[in-house]
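Hydrogens, waters and symmetry mates play no part in the numbers below; they use all other heavy atoms, side chains included. First listed ligand is number 1; within each ligand, the first listed atom is number 1.
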Amino acid sequence: MNTQVKKLYHIAKKEERLILGLMSGTSLDGLDLALCLVRGNGTSTVLELVQFITIAYSESFREQVRQLFAKAEISQPHFSTMNAYIGRFHADIINATLQKWNVSADDVDLIASHGQTVYHGPKGKLGNEQINSTLQIGDGDHIAVGTGIITISDFRQKHIAAGGEGAPLVVYGDRLLFTADNEHRVLLNIGGIANFTFLPSSTSDLSCYCSDIGPGNTMMDQYMQQYVGQEMDRDAALAKSGHINQALLNQLLAVPFLRKAFPKTTGPELFNLSLLKSMFSNEGLQQENHADVMATLSAYTVETIVGAIQHVLEKLSESGDQKPITIYISGGGLHNPLIYSGIKNHLSSIGVAVKSFKEIGFNPDAKEAALFAVLANETVAGSPTAIGEMDGAPAVCMGKISFPY
Ligand SMILES: Nc1ncnc2c1ncn2[C@@H]1O[C@H](COP(=O)(O)OP(=O)(O)OP(=O)(O)O)[C@@H](O)[C@H]1O
Ligand SMILES: CC(=O)N[C@H]1[C@@H]2OC[C@@H](O2)[C@@H](O)[C@@H]1O[C@H](C)C(=O)O
């Protein structure tokens, strides 16, 4: 038997596995590394977050990725180079981080790498045929060879092959780790794109489901970078000083994607500056007051999120289920006071509790990277039926396995 297959067999039989989950999100802010001790599998999974860090990307790296990111036309040589380079670059970050944590690569059972999404194409067309697609780069073989650790990567393709859109995958981790006995939960993540998981209580017959909502921080970040020359509107300083342009907000809210039924997925391919620019005459956006545009984009994120949660609440009330429901927020949007208070004020006024995800007892910033550790754990030690009953989510073990030797 190949010694690496033997090693993987041994890892699959262990009672607990040390798995390094990696996430590089649509905001391009950095690489999240979550070192997780994972026991069991399926609904008996127990995950302990041992270490977590985000390694910020340099502006020059971000610019290299932006040349590919959500673009209709790209340079193939650059694309091919970046697939290999990001793999090697992530391997270098992992090696340096493990050293910093004083953890030997020999003690890490698996790496679970999301890679960098460069294009998300749900409901794409080839001629008359619908072909869903999504693409994450930063090849797993480079990570495995660069670190000496067995690496599982490219998780989204199997989901598409099984009939999904390749996202959101967070539902698998949410379901296995964060289901409560005494309440229903909505786990809302506000990253570049906002998404949610409805998690019924463990004693309920209701189904779990998950969907993207629309813009999180992506349009605000792009606007700040292009027009204000800052990476983000830190603490909403600019947006707080502006006024909402209601006519613009109404136009933004009319985007057809927002009226589509859940579950659905999207990305910065749709929610970007071109969408905003299409609502102005030539050079009109340049003359706008930056604070007002940011206040409007911030309200856009809040209103679309509140609309999605109201939909969940209506569905719950139609079911007749009386258990309380709490909304837990994670992702970078949690750190934006205008977004957080906007959502909290709307929902508190109708009696719904809104809390930071950290009140569940888990670091909100580590949630997505830890999710990929859970997915890798399922791939080596789980069974596809364990998570098979969820609406809109194919029951699959995901990811491709790369051996270092
Ligand atoms: N203090 C802050 N004030 C305002 N915004 C903030 C703050 N901290 C983070 N953010 C926002 O959060 C973003 C990063 O969010 P996050 O890391 O969740 O995104 P991501 O994981 O890349 O996205 P996705 O989940 O869509 O792939 C930043 O780009 C910024 O817009
Ligand atoms: C294609 C892609 O990378 N999608 C991301 C993105 O970021 C948020 C949202 O859009 C979500 O659909 C997904 O990530 C999370 C981790 C997911 O799959 O659940």
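- Each of the atoms 17 (C), 19 (O) of ligand 2 lies under 4.0 Å from some heavy atom of Val170.
- Here the closest heavy-atom approach between residue Lys264 and residue Leu258 is recorded as NZ-O, 3.3 Å.
- Using 4.0 Å as the threshold, Met220 has no heavy atom nearer than that to any atom of ligand 1.
- Residue-level proximity to ligand 1 for Asp233 is carried by the backbone, the only part with a heavy atom below 4.0 angstrom.
- When the heavy-atom distances from atom 10 (N) of ligand 1 to Pro168, Gly216, Gly332 are ranked, the shortest goes to Gly332.
- Counting heavy atoms closer than 4.0 Å to ligand 2, residue Asn195 contributes side-chain atoms (C-beta onward) but none from N, CA, C or O.
- Nearest heavy atom pair, residue Pro263 against residue Ser211, reads CA-OG, 3.6 Å.
- At under 3.5 Å, not a single nitrogen or oxygen of Thr134, backbone or side chain, sits near a nitrogen or oxygen of ligand 2.
- Atom 21 (O) of ligand 1 has its closest protein heavy atom at Glu368 OE1, 3.5 Å.
- Taking atom 9 (C) of ligand 2 as the reference point, the nearest protein heavy-atom neighbour is Asp212 OD1, 3.5 Å.
- Set against the non-hydrogen atoms of Asp235, the atoms of ligand 1 under 4.0 Å away are 1 (N), 2 (C), 3 (N), 4 (C).
- Protein heavy atom in closest approach to atom 29 (O) of ligand 1: Asp221 OD2, 2.5 Å.
- Centroid-to-centroid, the aromatic rings of Phe155 and Phe372 come within less than 6.0 Å.
- For atom 2 (C) of ligand 1, the nearest protein heavy atom (residue, atom name, distance) is His335 O, 3.4 Å.
- Geometrically, ligand 2 and Ala167 share no nitrogen or oxygen pair separated by less than 3.5 Å.
- Residue Thr26 places no N or O, backbone or side chain, under 3.5 Å from any N or O of ligand 2.
- Remark: among candidates Asp365, Thr26, Asp29, the nearest residue to atom 27 (O) of ligand 1 is Thr26, based on non-hydrogen atoms.
- Aromatic pair His335/Tyr340: ring centres not closer than 6.0 Å.
- Nearest protein neighbour of atom 13 (C) of ligand 1, counting heavy atoms only, is Asn217 ND2, 3.6 Å.
- What you find for Lys323 and Asp181 is that their closest heavy atoms are CE-O, 3.6 Å.
- The contact set between ligand 1 and Gly25, taken as ligand atoms under 4.0 Å from a residue heavy atom, comprises 20 (P), 21 (O), 22 (O), 27 (O).
- Close N/O approach between Gly166 and ligand 2 is not found [any backbone or side-chain N/O within under 3.5 Å].
- Results of the side-chain contact (heavy atoms from CB on, under 4.5 Å) test with Phe198 over Ile309, Leu313, Val171, Val186 single out Val186 as the only residue that passes.
- Thr265 pairs with exactly one of Asp212, Asn195, Asn132 by the side-chain contact (heavy atoms from CB on, under 4.5 Å) rule, that one being Asp212.
- Not a single donor-acceptor pair under 3.5 Å links the side chain of Ser113 to the backbone N or O of Gly140.
- Checked by distance only, ligand 1 and Gly192 come closer than 3.5 Å through their nitrogen or oxygen atoms.
- Across all non-hydrogen atoms, the minimal contact from Thr179 to Pro200 is CG2-O, 3.6 Å.
- The distance criterion of under 3.5 Å between nitrogen or oxygen atoms is met by Ser27 with respect to ligand 1.
- A cation-pi arrangement is present between Lys315 and Tyr209, with the terminal nitrogen or guanidinium carbon under 6.0 Å from the aromatic centre and inside a 45° cone about the axis.
- A donor-acceptor pair is defined here as one N or O able to donate and one able to accept, closer than 3.5 Å; such a pair exists between the side chain of Gln116 and the backbone of Gly25.
- Between the side chains of Thr97 and Gln99, no donor-acceptor pair of N or O atoms lies under 3.5 Å.
- Less than 4.0 angstrom separates some heavy atom of Asn189 from each of these atoms of ligand 1: 25 (O).
- Protein heavy atom in closest approach to atom 3 (O) of ligand 2: Thr117 OG1, 2.6 Å.
- Distance from atom 10 (O) of ligand 2 to its nearest protein heavy atom, with residue and atom name: Ile193 CB, 3.6 Å.
- No N or O atom of Pro337 sits closer than 3.5 Å to an N or O atom of ligand 1.
- Given atom 17 (C) of ligand 2, the protein heavy atom at minimum distance is Leu169 N, 3.3 Å.
- Protein heavy atom closest to atom 6 (C) of ligand 1, with residue, atom name and distance, is Met232 SD, 3.5 Å.
- Note: His159 and Tyr172 have perpendicular aromatic rings, judged against thresholds of 30 and 60 degrees for the angle between ring planes.
- Using a 4.5 Å heavy-atom threshold, the side chains of Leu238 and Val228 count as touching.
- Less than 6.0 angstrom separates the ring centroid of Phe178 from the ring centroid of Phe357.
- Compare Gln116, Lys264, His120, Arg156 by their heavy atoms: the one nearest to atom 13 (C) of ligand 2 is in Arg156.
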